A.B. asks: 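This is the structure, below, for whatever I ask next.
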Amino acid sequence: MQKDDLYLGYYLHLIEDALYRKTLYDTFGWNPYTPESTARMHHDYTLLNRYFIQKYNIRDDLAVPENFTQEPIFAFEPFDAEGLLRSIHQNFVPAPADAPYFFTAAMADTYIENAVRLCTAELDRFHCGKTLLSAEDFTWTPPENNKNF
């Protein structure tokens with residue numbers, strides 16, 4: 001990870017994912033086990049795409065890097081980079097003017113502020129050969145009404 005930004009980026013992505021789940025469940029009280037909740041949450045993400053594109057001035061100009069498929073990680077798992085780019089392009093299609101079901105722009109902004117702070121602290125420690133985080137740091141509490149846990 002110290003020699004390749006792809007792997008460092010993937011590590012930070014895992015941290016962000018864990019923090020996101022903890023934030024969603026513990027901070028905001030999300031219960032994914034209500035009827036149609038996952039599909040409705042994905043619709044919230046679609047609604048937020050336009051907000052983020054405008055707020056952060058995101059452009060639709062990504063390209064697959066040269067020799068990307070030569071990365072050692074492809075030996076473990078194939079990756080459809082072109083398909084990902086097509087999917088990302090869909091984020092630039094205007095979203096409906098619906099109200100969010102659960103996940104609002106304010107919630108997303110709170111999460112992003114916390115993720116930036118956490119990832120910056122982890123990077124500072126990482127570059128000194130240390131780590132700030134452990135696997136247990138971002139466990140979350142499952143919803144009480146879910147009998148699958």
Side-chain angles (χ1 to χ4, degrees), residues 1-34 37-92 95 100-146 148-149:
M1 289 190 309
Q2 291 178 341
K3 296 177 183 171
D4 192 321
D5 291 342
L6 173 66
Y7 299 95
L8 181 58
Y10 186 70
Y11 173 66
L12 293 173
H13 175 83
L14 293 174
I15 291 170
E16 292 166 354
D17 275 355
L19 177 62
Y20 180 75
R21 285 182 185 89
K22 184 168 181 61
T23 301
L24 210 59
Y25 294 118
D26 292 349
T27 303
F28 298 134
W30 169 247
N31 181 354
Y33 304 104
T34 58
S37 62
T38 301
R40 294 176 80 186
M41 179 67 90
H42 286 175
H43 184 68
D44 285 356
Y45 299 152
T46 299
L47 298 176
L48 285 169
N49 288 337
R50 180 59 45 197
Y51 170 74
F52 289 123
I53 287 167
Q54 292 172 349
K55 180 174 182 168
Y56 296 106
N57 195 29
I58 300 170
R59 296 185 318 266
D60 187 15
D61 60 358
L62 292 177
V64 177
E66 258 186 68
N67 301 320
F68 185 61
T69 58
Q70 303 307 311
E71 287 287 341
I73 199 166
F74 284 94
F76 299 104
E77 185 68 33
F79 183 75
D80 180 13
E82 294 295 337
L84 176 63
L85 289 180
R86 283 190 300 277
S87 176
I88 289 171
H89 177 71
Q90 290 302 309
N91 293 323
F92 290 84
Y101 162 68
F102 179 84
F103 197 57
T104 66
M107 291 168 136
D109 286 337
T110 297
Y111 160 73
I112 289 170
E113 289 170 16
N114 291 333
V116 167
R117 191 171 23 259
L118 177 67
C119 287
T120 300
E122 181 66 3
L123 274 174
D124 289 345
R125 301 272 306 189
F126 179 77
H127 289 305
C128 295
K130 301 175 182 174
T131 185
L132 180 67
L133 304 173
S134 74
E136 291 79 27
D137 288 334
F138 292 99
T139 57
W140 62 89
T141 307
E144 288 183 25
N145 64 345
N146 179 14
N148 294 324
F149 286 96

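Just so you know, these numbers come straight off a predicted model, no measurement behind them.
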A.B. asks: State, with a plain yes or no, whether a side-chain heavy atom of Tyr56 is found less than 4.5 Å away from one of Ile112.
C.D. replies: yes

A.B. asks: Nearest 0.5 Å, what's the CG-SG distance between Leu12 and Cys119?
C.D. replies: 5.0 Å

A.B. asks: Rounded to the nearest 0.5 Å, what separates atom CE in Met1 from atom CG in Leu6?
C.D. replies: 11.5 Å

A.B. asks: Run the numbers on Ile58 and Phe92 for side-chain contact (heavy atoms from CB on, under 4.5 Å), then give the verdict.
C.D. replies: CA-CA 9 Å; Ile58 300 170; Phe92 290 84; 3.7 Å; yes

A.B. asks: Using distance only, find each side-chain donor-acceptor pair of residues 71-86 under 3.5 Å and give its atom names and separation, not counting sequence neighbours.
C.D. replies:
unit_1	atom_1	unit_2	atom_2	d
Glu71	OE1	Tyr7	OH	3.3
Asp80	OD1	Gly83	N	2.9

A.B. asks: Would a 4.5 Å heavy-atom cut-off, applied to side chains only, mark Asp109 and Lys55 as touching?
C.D. replies: yes

A.B. asks: Search all heavy atoms of Val64 against all heavy atoms of Phe68 and return the closest pair with its distance.
C.D. replies: CG1-CB, 3.8 Å

A.B. asks: Show which side-chain atoms of residues 37-46 pair as donor or acceptor with protein atoms under 3.5 Å away, not counting sequence neighbours.
C.D. replies:
unit_1	atom_1	unit_2	atom_2	d
Ser37	OG	Pro32	O	2.5
Ser37	OG	Thr34	O	3.1
His43	NE2	Asp98	OD2	2.7
Asp44	OD1	Tyr101	N	2.6
Asp44	OD2	Tyr101	N	3.3
Asp44	OD2	Phe102	N	2.7
Asp44	OD2	Phe103	N	2.8
Tyr45	OH	Tyr20	OH	2.5
Thr46	OG1	His42	O	3.3

A.B. asks: Heavy-atom count check: over 12 atoms from other residues, nucleotides or ligands less than 6.0 Å from Tyr10 OH?
C.D. replies: no

A.B. asks: Any side-chain hydrogen bond (donor to acceptor under 3.5 Å, both in side chains) pairs touching residues 110-121, not counting sequence neighbours?
C.D. replies: Asn114-Arg117

A.B. asks: I need the Gln90 CD to Ile88 CD1 distance, nearest 0.5 Å.
C.D. replies: 11.5 Å

A.B. asks: Nearest 0.5 angstrom please: Arg21 CZ to Asp26 CG, how far?
C.D. replies: 13.0 Å

A.B. asks: Considering only heavy atoms from C-beta outward, does the side chain of Glu122 approach that of Tyr11 to under 4.5 Å?
C.D. replies: yes

A.B. asks: Can you check whether Leu123 reaches Leu8 side chain to side chain, under 4.5 Å on heavy atoms?
C.D. replies: yes

